[in-house]
Colleague: 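Shown below is the structure under consideration.
Note that the structure is a prediction, hence the values are computed from the model and not measured. The figures that follow rest on heavy atoms only: side chains count, while hydrogens, waters and symmetry mates do not. Each chain gets a letter, A, B and so on, in the order the sequences are listed, and its residues count up from 1.
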Protein chains: 2
Amino acid sequence: MPLIERLPKKQRHQQLLKIIEENPFVTDRELTRELKVSIQTIRLDRMELGIPELRERMKQMAEHSYDQVRSLPLDEVVGDVVDLQLDKSGISIFEIREEHVFSRTHIARGHYVFAQANSLAVALINDEIALTASADIRFLRQVHLGEKCIAKAYVRSMNGHRGKAKVEVFTYVGEEMVFQGNFVIYRSTGEDHIEGGM
Amino acid sequence: MPLIERLPKKQRHQQLLKIIEENPFVTDRELTRELKVSIQTIRLDRMELGIPELRERMKQMAEHSYDQVRSLPLDEVVGDVVDLQLDKSGISIFEIREEHVFSRTHIARGHYVFAQANSLAVALINDEIALTASADIRFLRQVHLGEKCIAKAYVRSMNGHRGKAKVEVFTYVGEEMVFQGNFVIYRSTGEDHIEGGM
DNA sequence: TACTGTTTTAGTACCAGGTTCTAAAATGAT
DNA sequence: ATCATTTTAGAACCTGGTACTAAAACAGTA
């Protein structure tokens with residue numbers, strides 16, 4: 001019943017964790033050379049520590065990166081436009097999914113909520129070119145994974161058929177307002193150059 | 001010497017490429033079921049097409065993502081952070097590609113430019129939780145396909161270790177400033193609830 | 001010293017998901 | 001019918017393991 005001097009094993013476990021953390025592509029055989037123990041010991045250690053085999057580790061990394069690549073696009077129009085009266089008002093719905101949140105907190109990244117509002121504001125303007133010139137935005141409460149954001153946009157003013165339009169957007173989750181923004185959108189029928197905007 | 005009607009094979013190759021592209025985690029055996037040919041045929045096809053085996057594909061994906069994660073543990077950021085002094089300043093680079101522009105005009109959608117700035121502002125704050133509370137932004141000129149946006153962010157004020165931080169971001173293409181934004185970021189060490197923000 | 005419990009090592013059988021190679025069968029065009 | 005291409009079959013072998021059994025080495029203690 002060895003009660004003292006049991007460090008070597010725990011120590012080896014620490015080393016093992018460290019080695020695998022800084023090089024997850026190491027095989028058990030390579031580990032035997034670094035830790036000077038038999039391959040069976042390495043495998044027992046991995047079991048005790050719950051570290052999967054090399055192939056499983058690679059698979060997990062590959063799947064993880066695949067998910068990320070999939071999730072990237074802040075696509076064309078973010079959110080589904082369910083109602084649109086050009087130059088007047090519009091509504092879009094956007095569900096917060098895994099790829100839109102900070103993984104640690106499950107709170108949506110601000111730029112997705114912004115993107116939904118911005119896309120809707122731009123879509124509302126019935127012109128060949130409509131670009132955001134400026135915006136004043138406020139995130140009123142965090143939006144969490146799984147919540148549905150309903151953005152409502154209203155055109156507040158129009159300057160003839162060229163120049164700026166003001167669009168106000170309110171985004172709700174249920175009854176609660178989570179985001180509010182005032183957008184200034186440049187608009188143009190297309191023939192001439194405009195000096196600012198997106 | 002079959003010269004005409006050689007399509008079935010080429011056709012199968014096209015299908016194979018497509019299937020593997022949309023699910024790189026498919027095994028040869030699974031492919032036999034989808035393509036109704038023997039496993040040897042699948043393997044010949046992969047050889048001709050230069051497609052590596054499943055494990056090799058996973059390994060490559062894992063290595064790729066590992067390299068990315070290594071270079072910047074800030075995979076939650078849109079744009080590559082090339083310089084970061086926490087709580088002080090940071091720089092990120094983001095190249096406008098096909099998927100970021102309006103297809104008709106080749107002008108970048110505003111929310112991508114915003115996302116780069118927002119992500120950088122959030123990354124700058126050295127706290128467990130950092131969420132955008134509000135922002136005042138201005139798009140100064142259109143950004144076009146292929147242009148590189150260089151965002152520079154500076155922390156302007158900090159309120160102790162909880163509360164708001166003000167971050168100013170300037171985005172340039174070459175010498176020209178294309179975007180400017182003032183962000184208010186909520187920060188918290190994590191233990192308690194905050195009433196607004198992203 | 002002998003006994004006991006832990007830790008380490010050894011060895012075998014087996015697995016997935018292949019590669020490599022040889023060879024036979026099916027298909028199609030002339 | 002013949003000949004090239006294409007497809008299928010099968011066996012041997014590979015990596016990097018798992019699962020299991022069993023022996024050896026080590027440590028502490030009665």
Colleague: Starting at CZ of B:Arg29 and ending at C1' of C:dC15, how long is that distance when rounded to a whole Å?
Modeller: 13 Å

Colleague: List the residues meeting side-chain hydrogen bond (donor to acceptor under 3.5 Å, both in side chains) with A:Glu48, not counting sequence neighbours, and say none if there are none.
Modeller: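 Residues passing side-chain hydrogen bond (donor to acceptor under 3.5 Å, both in side chains) with A:Glu48: A:Lys9.
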
Colleague: Per the atom types in the model, does the base of C:dA16 pair as donor or acceptor with the side chain of B:Arg55 at under 3.5 Å?
Modeller: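 Such a pair is found, so the answer is yes.
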
Colleague: Can you tell me how far P of C:dG17 sits from CE of A:Met58, to the nearest Å?
Modeller: 13 Å

Colleague: I'd like to check the side-chain hydrogen bond (donor to acceptor under 3.5 Å, both in side chains) partners of A:Arg43; sequence neighbours left out, ordered by chain and number.
Modeller: A:Asp28

Colleague: Quickly work out the B:Leu44 CG to D:dT5 P distance and round it to whole Å.
Modeller: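 After rounding, the gap between these two atoms is 14 Å.
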
Colleague: In whole Å, what is the span from the CG atom of B:Asp45 to the C1' atom of D:dT8?
Modeller: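 After rounding, the gap between these two atoms is 12 Å.
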
Colleague: Once side chain to side chain donor-acceptor pair (under 3.5 Å) is applied, what residue pairs with a partner in residues 172-184 of chain B remain, sequence neighbours excluded?
Modeller: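 Only B:Arg141-B:Glu176, B:Glu168-B:Gln180 qualify under side chain to side chain donor-acceptor pair (under 3.5 Å).
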
Colleague: Of all the choices, D:dG17, C:dT9, C:dG18, which nucleotide is nearest to the side chain of B:Thr27 once you look at every atom?
Modeller: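 Nearest to the side chain of B:Thr27 among the choices is C:dG18.
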
Colleague: Please tabulate, one pair per line, each protein N/O and nucleotide N/O from nucleotides 18-22 of chain D that are separated by under 3.5 Å, including the distance.
Modeller:
| residue | atom | partner | partner atom | Å |
| --- | --- | --- | --- | --- |
| D:dT18 | OP1 | A:Arg46 | NH1 | 3.2 |
| D:dT18 | OP1 | A:Arg46 | NH2 | 3.4 |
| D:dT18 | OP2 | A:Arg46 | NH2 | 2.9 |

Colleague: Applying a 4.0 Å non-hydrogen cut-off, can you work out what A:Ile39 is touching in the nucleic acid: base, sugar-phosphate, or nothing?
Modeller: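 Here A:Ile39 touches no strand at all.
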
Colleague: Quick check for you: among C:dT8, D:dT7, C:dT9, whose closest atom lies nearest to any side-chain atom of A:Arg12?
Modeller: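 Between C:dT8, D:dT7, C:dT9, the one nearest the side chain of A:Arg12 would be C:dT8.
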
Colleague: From NZ of B:Lys59 over to P of D:dG16, roughly how many Å is that when rounded to an integer?
Modeller: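 Taking NZ of B:Lys59 and P of D:dG16, I get 8 Å after rounding.
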
Colleague: For A:Glu30, what residues pass the side-chain contact (heavy atoms from CB on, under 4.5 Å) criterion, not counting sequence neighbours?
Modeller: A:Val26, A:Thr27, A:Arg33

Colleague: Return yes if a side-chain donor-acceptor contact under 3.5 Å exists between A:Gln116 and A:Ser92, otherwise no.
Modeller: yes

Colleague: Is it the case that the ring center of B:Tyr112 lies less than 6.0 angstrom away from the ring center of A:His111?
Modeller: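 No: the rings miss the under 6.0 Å criterion.
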
Colleague: Just jot down the ring-ring contact (aromatic ring centres under 6.0 Å, His included) partners of A:Phe183, sequence neighbours excluded, or say none.
Modeller: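 With sequence neighbours excluded, A:Phe183 shows a ring-ring contact (aromatic ring centres under 6.0 Å, His included) to A:Phe114, given in chain and number order.
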
Colleague: Nearest-Å distance, CD1 (B:Ile20) to C1' (C:dG17)?
Modeller: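 Atom CD1 in B:Ile20 sits about 14 Å away from atom C1' in C:dG17.
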
Colleague: Rounded to whole Å, please give me the gap between CZ in A:Arg57 and C1' in D:dG16.
Modeller: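 Rounding to the nearest Å, CZ of A:Arg57 and C1' of D:dG16 are 11 Å apart.
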
Colleague: On the nucleotide D:dT7, are OP1 or OP2 found under 4.0 Å from the side-chain N or O atoms that B:Thr41 carries?
Modeller: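 No, outside the criterion.
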
Colleague: Side chain of A:Leu54, heavy atoms from C-beta onward: which of D:dA9, C:dT9, D:dG16 has the nearest atom to it?
Modeller: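 Nearest listed nucleotide: D:dG16.
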
Colleague: To the nearest Å, how far apart are A:Lys9 NZ and C:dT9 P?
Modeller: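 From A:Lys9 NZ to C:dT9 P: 12 Å.
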
